[in-house]
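No hydrogens, no waters, no symmetry mates; every other heavy atom, side chains included, goes into these values. Below, chain A is the first sequence line, B the second, and so on; all start at residue 1.
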Amino acid sequence: GQQVMQIPQYQHVQEGEDFTTYCNSSTTLSNIQWYKQRPGGHPVFLIQLVKSGEVKKQKRLTFQFGEAKKNSSLHITATQTTDVGTYFCACHSGGGADGLTFGKGTHLIIQP
Amino acid sequence: NAGVTQTPKFRILKIGQSMTLQCAQDMNHNYMYWYRQDPGMGLKLIYYSVGAGITDKGEVPNGYNVSRSTTEDFPLRLELAAPSQTSVYFCASSQAGGYYEQYFGPGTRLTVT
């Protein structure tokens, strides 16, 4: 099945700074989903990308899917304390399993 | 709609005990999933179901069993609990498979000592 690697594992930023997390695969992906998990909470769906080179925006969040559909990124502009949490990318599992395979996540820590 | 609900929220088990984690959804979703999340780590798929009466193994099924007798419910059974099963367990549901967003329950935090 498909696998995705996320970097960095942890990111410390000052409030107001930008943040980017990357999701990479050695194989072509059919889709990428992004989820956010607040500390002590459960993952919440943010967005899905399916097209090569796709870019989607949600307020201060920008999501990109690479031209080769092997990588994706999530960029947050001017972080706020409410952005604290872990951001996961996930892709269709493939290999006969009709579900999602999650990356290990990037933990965003914001210092006021 | 309550979405996806899970019970209990917390549980402490002794080694060798058994228990069932309950999961229910009221969105009429066909697909349901069980994940475990170890501290600071991602989600690993234990079992999933594509509809009532149909279940399949995920990445880490050993030590667990599931059943799906109705569309709404997807219980996870732990037999002979071991310390390695200490984790947070999330149930999720989706309208269909890997191209649809998943809705997660609040999780069950399980400690095996």
Side-chain angles (χ1 to χ4, degrees), chain A residues 1-11 21 23-25 27 29-51 54 56 58 63 65 69 85-109, chain B residues 2-7 9-10 21 23 25 27 29-51 54-61 66 68 74 87-110:
Chain A
Q2 301 277 19
Q3 290 196 348
V4 286
M5 304 293 293
Q6 271 188 267
I7 54 171
Q9 187 176 0
Y10 293 91
Q11 184 75 59
T21 174
C23 184
N24 300 305
S25 171
T27 59
L29 302 170
S30 52
N31 68 333
I32 277 285
Q33 294 185 4
W34 286 93
Y35 289 78
K36 176 184 178 180
Q37 183 178 24
R38 294 182 185 272
H42 59 275
V44 175
F45 174 82
L46 293 175
I47 209 157
Q48 174 169 260
L49 306 171
V50 295
K51 296 178 183 176
E54 190 169 13
K56 289 188 177 180
Q58 291 178 349
F63 304 85
F65 203 6
K69 298 181 73 173
T86 303
Y87 293 84
F88 294 98
C89 66
C91 65
H92 190 281
S93 299
D98 194 7
L100 292 172
T101 298
F102 283 80
K104 292 186 177 179
T106 295
H107 303 265
L108 174 60
I109 298 113
Chain B
V4 180
T5 58
Q6 292 183 239
T7 56
K9 290 185 179 175
F10 303 93
L21 282 65
C23 174
Q25 53 93 8
M27 295 174 282
H29 285 167
N30 289 318
Y31 283 60
M32 295 187 74
Y33 312 84
W34 274 105
Y35 295 93
R36 59 175 288 170
Q37 184 177 37
D38 297 328
M41 300 296 285
L43 297 153
K44 292 186 178 180
L45 183 64
I46 305 171
Y47 271 97
Y48 70 101
S49 169
V50 302
I54 306 170
T55 63
D56 208 346
K57 296 178 181 178
E59 182 184 358
V60 289
V66 293
R68 183 100 181 266
F74 190 39
S87 191
V88 179
Y89 291 84
F90 289 102
C91 178
S93 73
S94 66
Q95 184 179 346
Y99 298 101
Y100 289 80
E101 67 177 280
Q102 293 189 7
Y103 296 81
F104 284 79
T108 294
R109 188 174 298 274
L110 175 68

Taking every non-hydrogen pair under 4.5 Å, which of G103(A), P43(A), G105(A) racks up the most with chain B? P43(A)
Ring centre gap for Y100(B) and H29(B) strictly below 6.0 Å: no
Which region of Y99(B), side chain (C-beta onward) or backbone (N, CA, C, O), has a non-hydrogen atom less than 4.5 Å from a non-hydrogen atom of chain A, or is it both or neither? both
Any donor-acceptor N/O pair, Q48(A) side chain to N31(A) backbone, under 3.5 Å: no
E59(B) versus chain A, heavy atoms under 4.5 Å apart: side chain, backbone, both or neither? neither
Give the minimum heavy-atom separation between S49(B) and R68(B), together with the two atoms involved. OG-NH1, 2.7 Å
Donor-acceptor pair between Q102(B) and Y35(B) side chains, under 3.5 angstrom: yes
Tell me, side chain or backbone of Q37(A) under 4.5 Å from chain B's heavy atoms, or both, or neither? side chain
